[in-house]
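Read the structure below first, then the notes.
Below, chains carry the letters A, B, ... as their sequence lines are ordered, and counting in each starts from 1.
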Amino acid sequence: MKPQIYVRTRLENALRALGIDPIDPILLNLDKPKQDGFGDLAITSAMSLARDLRQPPRKIAEKLLQLLDLDQFYIEKAEIAGPGFINLYLAKSCLQRAVLEILDERDTFGSDDWGKGIRVQFEFVSANPTGPLNIVSARAAAIGDVLAALHEKVGFVVEREYYVNDAGRQVNLLGASLDVRYRAELGTAGEIPEGGYHGAYLIDLAKAILEEYGSSLAELPDQERRERLGRLALDAMLAKHRASLDKYRLNYDRWFHETRLRQQSEHLNVLKVLQDKGLIYEDEGATWFRSTQFGDEKDRVLVTSEGEPTYFLIDIAYHQNKYQRGFAVLHDLWGPDHHGYIDRMRAAIQALGYAADSFRVHIIQQVNLFRGGQVVKMSKRAGEIIEMDELIEEVGVDAARYFFVDRRLSQPLDFDIDLAKKKSDENPVYYIQYAHARISNVLRYAEEQGFNSAMAADLSVLTNDAEMELIKKCLEFPQVVSKAAQFIEPHRLPNYLYELANVFHRFYHDNRVVSDDGALTQARLLLIQATRQVIKNGLTLMQITAPENM
RNA sequence: GCGCCAGUAGCUCAAUAGGAUAGAGCGUUGGCCUCCGGAGCCAAAGGUUGUGGGUUCGAUUCCCGCCUGGCGCACCA
């Protein structure tokens, strides 16, 4: 058993003995004190309980400490400090054994089961197939993927989904825009329609189509030609998106097409359900949904006076479809320009009879691109966008994923292209990967020197501070994973891995692993193997490579 | 005008669920390779956490006001 789990279990028992039901997770929170000299784990329950129990926190702490009845194998020293902290010092015996526990658990170290197999879905990127994926999508892709991986790690059953907006007005515009490019290739001048797409990628596509189909499409009637070109553009764009994401090491479980919803009239079904609940009314020729009944600031149109379903209606149908597929929680990752959309969507979800908190939207803030110290204004109209493919090519998948996950979602991200391009050692991802490669190299060296790194060892020879620090750091990993998933704060993971690499590099600098002392060498080989395992498990969650050498 | 997000060291960010003396990287200054990878390690300097109140044993964190910046407030998607 790992020490955190041991202490938590003891704490639960102690609280019950005090007549307190330890339901509130805050009572069970075990913090690692920020400051040195306050032990390895701090219990804050006494202070949390002080008001309810109407007793001084230090007095409660004393009682708790007695009831904890901690085993010396795990806790070498426990003391009450400050206003009522109980500071615990981990015993070397349990830390030494933890090395073996980590090695036994291998890839599964850091896993948990509190997700209890609940099915959750993450829908992210879902960019309109009217242009190449840009740098904002790259951020969403990295974050969505790692959030999904984190949830899998803590016991949820997870699906990653990409919603394809392949119907509606924008597809018509895409076809019309491509039509202009296509005819331009044939020598007929035309103007990109209002709201159409100006990007250069459509010129390339027009050339490719000309090559494949020649001028045959030009003979079709206008409407038919545009539809045909719209389809071709869509297919080409989707293939491009898939290729980009594939390069990014991101695999979706499902690509869900909007056309499917329309073909099966699922939006009409939604209308009927809402109608039956009396949540629909007609006004000025349009059909409205009483979203204000569920906290939205105003009612919303579902069918326009022209008889067209709005995007909102289709989107409601889409979310209903997700629920019907059995997901208990829907995680949607949206851009900041959609935050005004959350209330109405949640209103619809409640109207359909699903719990408001089963629908979780995570807003990913924008990416500001810097080049030469200047903000690059991105404009689709001017065709100035940085494509995801360019980014991957320039900085590599590892660095890109790291940078995007390294900040909390609510924080706008400044991405300095020049710096990222440098591909220099300033890049923290190299620091972490270097630790992994360094360990691998030491293990190779040890084998050459006749040591067998798979051999058992007496770990009680691991006693110095650097060794203990390293083990403690490794043991933090499961909690980092849990909290990153629980609070949707994936940036905790790269931050932690950086710290772990730092502790390892310090250990390495001061302690020779392969030495004349055979017993100590064997023990340290296991220690660095365990460290490497943790680094690898962390990098794997982010789909960043863990190189054996660099 | 209303709403959402943000404001922490020169710059980019942390601060683990309200905890103890607010920490890292980059940059600046100065040290460390006879040795398993120097893509590394150590140290110094750098802060009124935008601002004014409140809640409490304790606030960067929670509440209210104000300031600054970004975004949103369609019968568009």
### Task
With RNA chain B as reference, determine whether A:G168 or A:Q366 sits nearer its 5' end, using the nearest nucleotide of each.
A:Q366
### Task
Taking Watson-Crick and G-U wobble pairs with both distances under 3.5 Å, convert RNA chain B into its dot-bracket string, 5' to 3', dots for unpaired and | for cross-strand pairs.
(((((((..((((.....[...)))).(((((.......))))).....(((((..]....))))))))))))....
What nucleic acid atoms does [X] come within less than 4.0 Å of, heavy atoms only: base, sugar-phosphate, or nothing?
| X | value |
| --- | --- |
| A:Q35 | base |
| A:D299 | nothing |
| A:N441 | base |

### Summary
Protein-proximity profile, nucleotides 58-63 of chain B, B/S/- by nucleotide at the 4.0 Å heavy-atom cutoff, equals --B---
[atom1] spacing across the pair [N] / [M], given as an integer number of angstrom:
| N | M | atom1 | result |
| --- | --- | --- | --- |
| B:G3 | B:C11 | P | 31 Å |
| B:U68 | B:C26 | P | 36 Å |
| B:U60 | B:G40 | C1' | 33 Å |

### Task
Answer yes or no for this row: A:Y434 ring on B:G37 base, centroids under 5.5 Å, planes under 30°.
no
### Message
Heavy atoms within less than 4.0 Å of RNA chain B: which residues of residues 474-482 of chain A have one? Give them sorted by number.
### Response
none
### Selection: residues 492-504 of chain A, any non-hydrogen atom under 4.0 Å of RNA chain B
A:R492, A:N495, A:Y498, A:N502
### Query
Quick one: is A:R438 getting a side-chain N or O under 4.0 Å of the B:G37 phosphate, OP1 or OP2?
no
#### Entry: Pairs meeting criterion salt bridge (charged side-chain N to carboxylate O under 4.0 Å, His left out) with involvement of residues 427-448 of chain A, two or more places apart
none
### Query
Can A:D406 and A:R401 be counted as an ion pair, charged N to O under 4.0 angstrom?
no
### Message
Pair A:W334, A:H339 - check side chain to side chain contact (heavy atoms under 4.5 Å, CB included), show working.
### Response
CA-CA 8 Å; A:W334 294 356; A:H339 73 248; over 6 Å; no
Review item, nucleotides 72-75 of chain B N/O atoms under 3.5 Å of protein N/O:
residue : atom : partner : partner atom : Å
B:A74   : O5'  : A:K298  : NZ           : 3.3
B:C75   : O2   : A:S305  : N            : 2.6
B:C75   : O2   : A:S305  : OG           : 2.8
B:C75   : N3   : A:S305  : OG           : 3.3
B:C75   : N4   : A:E284  : O            : 3.1
B:C75   : N4   : A:E284  : OE1          : 3.2

